[in-house]
> 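One structure is given below, represented as structure tokens, and several questions about it will come after.
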Amino acid sequence: MNPKVKVRLRIIAILTTLIWMIVIFRFSMDTGVSSHELSDFCVQVFNKAVYHFTGKDLRISITPEHYALIELFFRKLAHMSIYFILSINIMIVLFTFNMKMTLRMFISALFCFIYALSDEFHQMFVDGRGASFTDCLIDTSGALLGIVAALIIYCIMYTIMTKYQKHKGLIKGAYEIN
């Protein structure tokens, strides 16, 4: 890759990573009440979709305990999703450096885990919120899924670029004999 393009990509990736970290921090600043309201809104949208396709209202069809489990599921899915995106951003930053893929994966996972810990620590000081190591592990599992997604995207893009460069005659095939 052209060194100038690599530097530009690195700067953009670092900026998007920092912006996403601010988004996560802002979500953590929500009080317990506003966090619950956001989760409840997501469950209501899901309930409307279920009603649209099945004609059943979940609030009526299932017990309040099961409805609460659906809300819990959405809350944990949100945790995983935001760290999924964070780890992809970090992997993109790390793709701009020459290092082994396993090291990139380790750094991304470790960074997300440490950020999740700091996020949970921060929530201890927010009204109606608390720290949960389980949430930290859920965040990290989302990050690990993001790392896998980043690797898949990287492999696809690498394959496309290699085929394009071979087609243009910029590189020769790995097993061709001169």
Side-chain angles (χ1 to χ4, degrees), residues 1-31 34-35 38-39 41-42 45 74-126 129 131-178:
M1 180 185 291
N2 181 331
K4 287 183 181 180
V5 172
K6 190 181 268 193
V7 169
R8 287 183 191 137
L9 177 62
R10 183 178 297 151
I11 291 168
I12 292 168
I14 289 170
L15 288 175
T16 58
T17 301
L18 291 173
I19 290 168
W20 195 249
M21 290 171 69
I22 292 168
V23 166
I24 293 171
F25 186 80
R26 295 287 299 162
F27 275 124
S28 293
M29 289 175 59
D30 288 347
T31 64
S34 27
S35 178
L38 181 59
S39 299
F41 172 76
C42 293
V45 170
F74 274 95
R75 292 177 72 80
K76 301 313 171 188
L77 185 61
H79 274 266
M80 289 181 75
S81 300
I82 59 177
Y83 279 86
F84 177 90
I85 294 168
L86 179 63
S87 67
I88 289 174
N89 279 315
I90 293 167
M91 287 294 287
I92 292 170
V93 171
L94 295 174
F95 285 142
T96 65
F97 291 95
N98 293 326
M99 61 177 66
K100 291 186 177 198
M101 192 62 74
T102 53
L103 183 58
R104 287 182 184 125
M105 294 164 56
F106 177 76
I107 290 171
S108 182
L110 182 64
F111 185 90
C112 288
F113 177 72
I114 291 170
Y115 194 70
L117 283 174
S118 70
D119 185 46
E120 291 301 318
F121 178 74
H122 167 245
Q123 288 181 29
M124 289 179 11
F125 304 101
V126 177
R129 303 285 294 267
S132 167
F133 189 70
T134 302
D135 282 351
C136 183
L137 295 177
I138 291 169
D139 297 342
T140 304
S141 67
L144 294 174
L145 291 173
I147 291 168
V148 170
L151 292 174
I152 291 169
I153 293 167
Y154 176 84
C155 289
I156 291 168
M157 291 180 67
Y158 182 82
T159 301
I160 291 169
M161 289 303 297
T162 302
K163 285 185 179 186
Y164 173 78
Q165 289 173 345
K166 283 181 186 176
H167 176 71
K168 291 292 186 182
L170 300 172
I171 60 171
K172 292 184 179 185
Y175 300 106
E176 290 181 16
I177 299 174
N178 294 339

> For the residue pair Ser87 and Gly142, what are the closest heavy atoms and their distance?
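Of all heavy-atom pairs spanning Ser87 and Gly142, the closest is OG-O, 4.3 Å.
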> If you define the side chain from C-beta out and look only at heavy atoms, does anything of Asn89 sit under 4.5 Å from Val93?
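Result no, sub-4.5 Å side-chain heavy-atom pair not found.
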> Quickly, which of Ile14, Leu9, Val7 forms a side-chain contact (heavy atoms from CB on, under 4.5 Å) with Ile11? Name it, please.
Val7
> Looking only at non-hydrogen atoms, find the nearest pair between Ile147 and Ala109 and report the distance.
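Scanning both residues, the minimum pair turns out to be CD1-N, 3.6 Å.
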> Any chance you could measure Arg10, atom CZ, to Leu94, atom CG, to the nearest 0.5 Å?
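Arg10 atom CZ to Leu94 atom CG measures 9.5 Å (nearest 0.5 Å).
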> Once side-chain hydrogen bond (donor to acceptor under 3.5 Å, both in side chains) is applied, what residue pairs with a partner in residues 133-144 remain, sequence neighbours excluded?
Lys76-Asp135, His79-Asp139
> Do the side chain of Trp20 and the main chain of Ile82 share a donor and acceptor less than 3.5 angstrom apart?
yes
> Would Met91 and Ile153 count as a side-chain contact (heavy atoms from CB on, under 4.5 Å) here? Give the steps.
CA-CA 11 Å; Met91 287 294 287; Ile153 293 167; over 6 Å; no
> Quick check for you: to the nearest 0.5 Å, what is the distance between Cys136 atom SG and Ile114 atom CD1?
9.5 Å
> Give a yes or no on whether the backbone of Ala131 and the side-chain of Gln123 come within a donor-acceptor separation of less than 3.5 Å.
no
> Does a sphere of radius 6.0 Å around CE in Met157 hold more than 12 heavy atoms from other residues, nucleotides or ligands, not counting ones at 6.0 Å or beyond?
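No - once you tally the heavy atoms of other residues, nucleotides and ligands closer than 6.0 Å, there are 12 at most.
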> What's the separation between atom OG in Ser39 and atom CG in Asp30, rounded to the nearest 0.5 Å?
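Nearest 0.5 Å value for the OG-CG distance: 9.5 Å.
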> Under the criterion side-chain contact (heavy atoms from CB on, under 4.5 Å), I'd like the reasoning laid out for Arg129 against His122: C-alpha separation, chi angles, the key distance, then a yes or no.
CA-CA 9 Å; Arg129 303 285 294 267; His122 167 245; over 6 Å; no
> Closest approach of Phe74 and Cys42, non-hydrogen atoms and distance?
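Closest approach of Phe74 to Cys42, heavy atoms only: CD2-CB, 4.3 Å.
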> Please assess Met101 against Tyr154 for the test side-chain contact (heavy atoms from CB on, under 4.5 Å), listing each intermediate value before the final yes or no.
CA-CA 11 Å; Met101 192 62 74; Tyr154 176 84; 3.6 Å; yes
> If I take atom CD1 from residue Ile90 and atom OG1 from residue Thr16, how far apart are they, to the nearest 0.5 angstrom?
10.0 Å
> As a quick check of understanding, evaluate side chain to side chain donor-acceptor pair (under 3.5 Å) for Arg75 and Ser35, giving each step before the final call.
CA-CA 9 Å; Arg75 292 177 72 80; Ser35 178; 3.2 Å; yes
> Does a side-chain heavy-atom distance below 4.5 Å link Met21 with Phe111?
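The answer is yes; the side chains approach within 4.5 Å.
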> Start with the C-alpha distance between Tyr83 and Ile138, add both sets of side-chain angles, then the distance that settles side-chain contact (heavy atoms from CB on, under 4.5 Å), and finish with yes or no.
CA-CA 9 Å; Tyr83 279 86; Ile138 291 169; over 6 Å; no
> Measure the spacing between CD1 of Ile12 and OG1 of Thr96 and express it to the nearest 0.5 Å.
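Spacing of CD1 (Ile12) from OG1 (Thr96) equals 11.0 Å.
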> Could you name each residue pair satisfying side-chain hydrogen bond (donor to acceptor under 3.5 Å, both in side chains) that touches residues 102-115, not counting sequence neighbours?
none
> Can you tell me how far CG of Leu144 sits from CZ of Phe84, rounded to the nearest 0.5 angstrom?
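CG of Leu144 is found 11.5 Å from CZ of Phe84.
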